[in-house]
K.L.:
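Sending over a structure as structure tokens; questions will come in a sec.
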Amino acid sequence: MRLGYPCINRQLACTFSTFRLKNFSEEKLIETIQKNLINLQKILSFNIKHGLYFFRISSDLIPFASHTICKYPWQMAFARTLAGIGQFIKKYQIRISMHPSQFVIINANDPAIIQNSIAELQYHANLLDALELDETAKIQIHVGGAYGNKMQAMTRFIDNYQKLSLPIQKRLVIENDDRLFSLHDCLFIHRHIGIPIIFDNLHHECLHNQESLAEAFSIAESTWHKDDGVMMLDYSSQAVGAPKGKHTESLDAEHFKRFLQAIPHHHCDVMLEVKDKEVSALRAIELLNHA
DNA sequence: GCCGGTCAAGGTCTT
DNA sequence: AAGACCTTGACCGGC
């Protein structure tokens, strides 16, 4: 089991800079990409040193990459640096994921939203390609909106998925969400197009069809093929007294131990979705080693 | 310096 | 109707 945390490292004060659209200039973009790539390498080095072998790369790595304002050929301009970081990732067998924002909605009714979503997915695929990573590096999204008719919304997802370019298709995975599309719904989609399901335990607690954690794990696992790598999971626990679905600030050790015991085996990669990032990830490694 | 309104982009639920 | 929530709070104008 590889453990990881999303996007930013607090100890290193490594975040990914962006800027306002109105301040866009090629110079500012280049400067920001340079800075962000240095920070990405710093975080990955930190992670190796601390035994964290799963990482979610921020979508902000290349700001405005999918916006029409961006004409800069970043993929070519930073080809060597990106390939170099990719070499590091492969050398240490780090698992990589990305999670585009809520604006990426494949099953939207509005063609403009779909078009923007595809452009954003293409950016994510281009980035992972520029890192020269194989298709075990995944891009995770939710099914999207329900628009008052879930079955139609799922059918639209299936139809629109089949129109996506191959580089996007081979990296795309869907995550069960906490309000609309359960694991069961994701499985329905999987059966039509073969897309793997990334399982989120907290979302499953919020919305499910009576499957136990162990059952849900096995169902999700069955959707991952050999070329996809071992299944990925998003792990978090409910913040007490907060709105349903809100993550805790830091790792709930007892909950995580129960999670490790409840799943059938540990041949999987677990993304810890907690606010304090690497701090909790390091505690999780301790718990895993003593499990 | 630092505070706080605002930021490319949606959809849903809660208050 | 407005705010919170989800990806990851950070940017930057105004004081």
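Below, read A as the first sequence line, B as the second, and so on, with proteins coming before strands; counting in each chain starts at 1.
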K.L.:
How would you label the contact of A:Y147 with the nucleic acid (heavy atoms, under 4.0 Å): base, sugar-phosphate, or nothing?
P.N.:
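Contact class for A:Y147: sugar-phosphate only.
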K.L.:
In terms of side-chain heavy atoms, does A:D269 have a donor or acceptor partner in A:Y53 at a distance below 3.5 Å?
P.N.:
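The criterion, which ignores hydrogens and geometry beyond distance, is not satisfied for A:Y53 and A:D269.
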K.L.:
Return the value, rounded to whole Å, for the distance between atom NE2 of A:H142 and atom P of C:dC5.
P.N.:
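A:H142 atom NE2 is separated from C:dC5 atom P by 16 Å.
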K.L.:
At under 4.0 Å between heavy atoms, what does A:S17 touch on the DNA or RNA strands: base, sugar-phosphate, or nothing?
P.N.:
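Counting heavy atoms under 4.0 Å across all strands, the contact made by A:S17 is with sugar-phosphate only.
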K.L.:
Assert yes or no for the condition that the ring centre distance of A:H99 to A:H142 is strictly below 6.0 Å.
P.N.:
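For A:H99 and A:H142, the ring centres are under 6.0 Å apart.
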K.L.:
Measure from CG on A:N176 to C1' on C:dC6 and round the result to the nearest Å.
P.N.:
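Rounded to whole Å, this separation is 14 Å.
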K.L.:
With A:R283 as the cation and A:F256 as the aromatic partner, state whether NZ or CZ is under 6.0 Å from the six-membered ring centre and within 45° of the axis.
P.N.:
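Not flagged: A:R283 not positioned over aromatic ring of A:F256.
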K.L.:
A:K275 has an atom NZ; how far is it from atom C1' of C:dG9, in whole Å?
P.N.:
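Nearest whole value for this atom pair: 9 Å.
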K.L.:
Heavy atoms under 4.0 Å, any strand shown: does A:A146 hit a base, just sugar-phosphate, or nothing?
P.N.:
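The residue A:A146 makes sugar-phosphate contact but no base contact.
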K.L.:
Between C:dT8 and B:dG1, how far apart are the two P atoms, rounded to whole Å?
P.N.:
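One P to the other, the span is 32 Å.
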K.L.:
With A:N176 as reference, evaluate A:D200, A:L187, A:D234 under the side chain to side chain contact (heavy atoms under 4.5 Å, CB included) test and give the passing residue.
P.N.:
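Result: among A:D200, A:L187, A:D234, A:D200 is the only option passing the side chain to side chain contact (heavy atoms under 4.5 Å, CB included) with A:N176.
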K.L.:
What is the distance from CD of A:E120 to P of C:dT7, rounded to the nearest Å?
P.N.:
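The answer, rounded to whole Å, is 15 Å.
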K.L.:
Say whether A:H203 and A:E175, considering side chains only, have a donor N or O and an acceptor N or O under 3.5 Å apart.
P.N.:
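Looking only at side-chain atoms, A:E175 and A:H203 do form a donor-acceptor pair, the distance falling under 3.5 Å.
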K.L.:
For the pair made of CD in A:E273 and P in C:dC5, what is the distance, rounded to whole Å?
P.N.:
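Between P of C:dC5 and CD of A:E273: 15 Å.
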K.L.:
Taking the minimum atom-to-atom distance to the side chain of A:S59, which one of C:dT8, C:dT7, C:dG13 wins?
P.N.:
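The answer is C:dT8, which lies nearest to the side chain.
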K.L.:
Determine the Euclidean distance between corresponding P atoms of C:dT7 and C:dG3; express it in Å to zero decimal places.
P.N.:
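Comparing P positions in C:dG3 and C:dT7 gives a spacing of 22 Å.
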K.L.:
Please find the earliest and latest nucleotides of DNA chain B, in the 5' to 3' direction, that have an atom within less than 4.0 Å of any heavy atom of chain A.
P.N.:
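Using the under 4.0 Å cut-off, the span is B:dG5 to B:dC13.
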K.L.:
Rounding to a whole Å, what distance do you find between A:I8:CD1 and C:dT7:C1'?
P.N.:
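For the pair A:I8 CD1 and C:dT7 C1', the rounded distance is 11 Å.
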K.L.:
Using atom CD of A:E175 as one end and atom C1' of C:dC5 as the other, report the distance to the nearest whole Å.
P.N.:
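Those two atoms, CD and C1', are 14 Å apart.
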K.L.:
Please give the nucleotide sitting opposite B:dC3 as a Watson-Crick or G-U wobble pair, both distances under 3.5 Å, or none.
P.N.:
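Its partner is C:dG13.
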K.L.:
Does one side chain, of A:Q122 or A:N126, offer a donor that lies under 3.5 Å from an acceptor on the other?
P.N.:
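Checked: A:Q122/A:N126 side chains pair up, N/O donor to acceptor below 3.5 Å.
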K.L.:
Which nucleotide wins on minimum distance to the side chain of A:K22, given the candidates C:dG13, C:dT7, C:dC11?
P.N.:
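Of C:dG13, C:dT7, C:dC11, C:dG13 is nearest to the side chain of A:K22.
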K.L.:
Distance between the P atoms of B:dG10 and C:dC11, in whole angstroms?
P.N.:
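Here B:dG10 and C:dC11 have their P atoms 23 Å from each other.
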K.L.:
List in chain and number order the residues that pass side chain to side chain donor-acceptor pair (under 3.5 Å) with A:H255, two or more places apart in sequence or in another chain; answer none if no residue qualifies.
P.N.:
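Result, side chain to side chain donor-acceptor pair (under 3.5 Å) vs A:H255: A:E205, A:Y235.
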K.L.:
Would you say C:dC11 has OP1 or OP2 under 4.0 Å from some side-chain N or O of A:N23?
P.N.:
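Checking C:dC11 against A:N23, no side-chain N or O comes under 4.0 Å of OP1 or OP2.
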K.L.:
Could you check how far NE2 of A:H203 sits from P of C:dC5, rounded to whole Å?
P.N.:
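It works out to 13 Å between those atoms.
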K.L.:
Would you tell me whether A:T18 and A:D60 have side-chain atoms, one donor and one acceptor, within less than 3.5 Å of each other?
P.N.:
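No, no side-chain donor-acceptor contact under 3.5 Å.
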K.L.:
Need the glycosidic conformation of B:dT6: syn if within 90° of 0, anti if not. Which one?
P.N.:
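For B:dT6, whose glycosidic angle is more than 90° from 0, the conformation is anti.
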K.L.:
Can you check the distance between C:dA4 and B:dG5, where both ends of the measurement are the P atom (answer in whole Å)?
P.N.:
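Straight-line distance between the two P atoms is 12 Å.
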K.L.:
Does the structure show a Watson-Crick or G-U wobble partner for C:dT8, both distances under 3.5 Å? Name it, or say none.
P.N.:
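Checking every strand shown, C:dT8 finds no partner, since no pair has both distances under 3.5 Å.
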K.L.:
Using the C1' atoms only, state how far C:dC6 lies from B:dC3, rounded to an integer number of Å.
P.N.:
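The answer is 26 Å between these two C1' atoms.
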K.L.:
With heavy atoms under 4.0 Å as the rule, sort A:I69 into base, sugar-phosphate or nothing.
P.N.:
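Result for A:I69 = nothing.
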